[in-house]
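To start, the structure under review is shown below, and the notes come after it.
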Amino acid sequence: MADTKLQYLGALPKLLPARSGGKHRRKAPVGFLIVVALPTLLACLYYLVIASPRYVSEARFVVRSANVAQPSTVGMALHVAGFSTGINDAFAVHEYLTSRDSLQQLDKQFDLRAVLGRKGADALARYPRPWEGQSEEALYKAFQRFLTVGYDSTTGISTIRVEAFRPQDARALNLALLDSGEKLINQLNDRAAANAVSDAERDQKVAVAAAENAKQALTNFRNSARFIDPRTEAAESTQITATLLVTIAQLKAERDQLAAEAPASPQLAPLDRRIGALERQVSEARARMAGGADSLAPKVGTYEDLILQREIAERRVTQAEASLLSAQQDAARQKLYLERIVAPSLPDKGTAPNRWKAILTIFASSMLLYAIGWLVWAGIREHRQD
């Protein structure tokens, strides 16, 4: 039997471990370095080395009305559940503080471009940033980065947070914003009071003018008639006529008695003359009271009409004044007040930006983006292999 000759060919490359001159090193994926490591490193560089500190001044206020009704049980339940039973007047102040009108008022008091772009501040935080312009619109958008207006629906308290590169600037801007909010509330009060009281004031002026016209008409009538009260004149004339009639009756009785006792008495003629004179006086008095255009009867009627018109006008004045007083009281009860709960603070340390929070946020976002990308790439590779 022939001997079998074995020939050694060496270890198979796939079965035996490859020889290496050193320890095996695993390199980090390029995608991880680009998506996660690089942004995190840049964030650390910016927030820990470059970013300028910003000082935050905070103030709290509440807008309320003098007429605050006690909430009902249903109202409290809706409030706790997040439903408001009325329009909150603080929102008007919020909208104004973040508006362009407020920015214009601040720009008149402060040089906002200099305040928001202090020398020494980093280029990514100050105004203008490298990609921003010098327009009013750019300034408005930039100021929104330095201003935060919040509202707590549970307590009804509003908060103003103003950031600046100097503590004095932050506090001054916050004070100016609060002052402008108070001016807005005063303007709203004046406008609401004017709308509520204007109608009542107009009615009062019309009523007063009507009363003055009625008084003037009465005065003109008295001047033309040449007596104060024709009713008094008529009463006096009636009294005189009654007295004359009594006297005439007495004289007639005396004459009848005398004529019965002495028909040829010479005293009868004087008595007849006296009776005739008195009767003529009575006729004149009656003619003066009624019977012609110049008599007292039509004048008394005109006078009573003028008196009635004056009394109606005076009642209208009284009612108009009562309505005006009621409108003023309602406007006072509905008046709004901006009360400062916490005055703008003067910070002694820069609390913005929150450096580590920003770094961790960027790192977490990068990791999430990298994980999503890795899952997508793994799915694509598996699909290609299939």
Side-chain angles (χ1 to χ4, degrees), residues 52-65 82-84 86-118 121 124-129 131-192 335-347 350-354 357-358 361:
S52 301
R54 296 194 298 271
Y55 297 87
V56 180
S57 176
E58 187 171 296
R60 292 184 176 88
F61 67 91
V62 63
V63 178
R64 66 175 184 86
S65 174
F83 297 96
S84 177
I87 299 175
N88 198 301
D89 299 308
F91 291 156
V93 180
H94 297 177
E95 292 296 328
Y96 177 75
L97 294 179
T98 58
S99 67
R100 290 172 175 80
D101 292 340
S102 176
L103 180 67
Q104 292 177 359
Q105 294 297 327
L106 285 178
D107 204 17
K108 292 179 181 179
Q109 302 179 39
F110 309 94
D111 186 1
L112 285 181
R113 288 178 171 81
V115 172
L116 303 182
R118 291 291 181 187
L124 297 180
R126 67 187 180 189
Y127 171 80
R129 291 182 291 189
W131 59 87
E132 292 178 338
Q134 294 285 346
S135 64
E136 294 293 332
E137 186 67 20
L139 179 62
Y140 171 74
K141 291 181 179 180
F143 186 67
Q144 304 307 309
R145 297 189 284 113
F146 295 86
L147 173 64
T148 303
V149 180
Y151 178 75
D152 188 348
S153 60
T154 304
T155 60
I157 298 176
S158 301
T159 304
I160 302 178
R161 296 178 73 252
V162 179
E163 300 179 6
F165 297 105
R166 295 197 312 180
Q168 296 82 2
D169 294 339
R171 185 172 184 271
L173 290 175
N174 207 331
L175 280 172
L177 287 171
L178 276 178
D179 292 339
S180 63
E182 289 182 349
K183 291 180 181 178
L184 175 66
I185 290 296
N186 293 333
Q187 292 176 1
L188 294 177
N189 289 331
D190 295 340
R191 191 178 305 169
K335 189 175 182 180
L336 300 176
Y337 299 92
L338 190 150
E339 293 188 358
R340 304 183 182 186
I341 299 177
V342 178
S345 59
L346 181 64
T351 56
N354 193 331
K357 181 179 179 181
T361 301

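These values consider heavy atoms only, across backbone and side chains, with no hydrogens, waters or symmetry-generated copies. Predicted, not measured: the structure shown is a model, and the values here were computed from it.
Of all heavy-atom pairs spanning L112 and D107, the tightest one is N-OD1, 3.5 Å. The two residues V162 and A170 make their nearest non-hydrogen contact at O-CB, 3.7 Å. Shortest non-hydrogen contact noted between Q109 and A176 is OE1-CB, 3.7 Å. Heavy atoms only, all atoms of each residue included: L97 and G181 are closest at CD2-N, 4.3 Å.
Atom CG in N174 sits 11.0 Å away from atom CG in L346 (nearest 0.5 Å). One distance of note links CD1 of I157 with CZ of R60; it measures 7.5 Å at 0.5 Å rounding. Separating the CG atom in N189 from the CD atom in Q187 is a distance of 10.0 Å, to the nearest 0.5 Å. The distance from atom CG of L116 to atom CZ of R54, rounded to the nearest 0.5 Å, is 11.0 Å.
The shortest side-chain heavy-atom distance between Y151 and T159 does not fall under the 4.5 Å cut-off. Between F91 and V93, the closest side-chain pair of non-hydrogen atoms is not below 4.5 Å. Between L177 and S102 the shortest side-chain heavy-atom distance falls below 4.5 Å. Here the side chains of S158 and H94 are in contact, with some heavy-atom distance below 4.5 Å. Side-chain contact between R161 and S57: absent, with no pair of heavy atoms (C-beta onward) separated by less than 4.5 Å. With a 4.5 Å cut-off on side-chain heavy atoms, L338 and F61 count as touching.
Looking at residues two or more places apart in sequence or on another chain, you find no salt bridge (charged side-chain N to carboxylate O under 4.0 Å, His left out) involving E95. Contacts of P128 classified as side chain to side chain contact (heavy atoms under 4.5 Å, CB included), with partners at least two apart in sequence or in another chain: E132, Q134.
Taking the charged nitrogens against the carboxylate oxygens, R340 and D179 do have a contact shorter than 4.0 Å, which makes a salt bridge. Under 4.0 Å is where a charged nitrogen must lie from a carboxylate oxygen, and between R100 and E137 at least one such pair does. Look at E163 and R118 and you find no salt bridge, because none of the NZ, NE, NH1 or NH2 atoms lies under 4.0 Å from a carboxylate O.
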List the steps, then state whether ring-ring contact (aromatic ring centres under 6.0 Å, His included) holds for F165 with Y55. CA-CA 6 Å; F165 297 105; Y55 297 87; 9.1 Å; no
Applying side-chain contact (heavy atoms from CB on, under 4.5 Å) to I160 and E58, what does each step give before you reach the verdict? CA-CA 6 Å; I160 302 178; E58 187 171 296; over 6 Å; no
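For D169 (side chain) and V115 (main-chain N/O), no donor-acceptor pair under 3.5 Å exists by modelled atom type.
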Show which side-chain atoms of residues 139-149 pair as donor or acceptor with protein atoms under 3.5 Å away, not counting sequence neighbours.
{"residue": "Y140", "atom": "OH", "partner": "T98", "partner atom": "O", "Å": "2.9"}
{"residue": "Q144", "atom": "NE2", "partner": "Y140", "partner atom": "O", "Å": "3.3"}
{"residue": "R145", "atom": "NH1", "partner": "A125", "partner atom": "O", "Å": "3.1"}

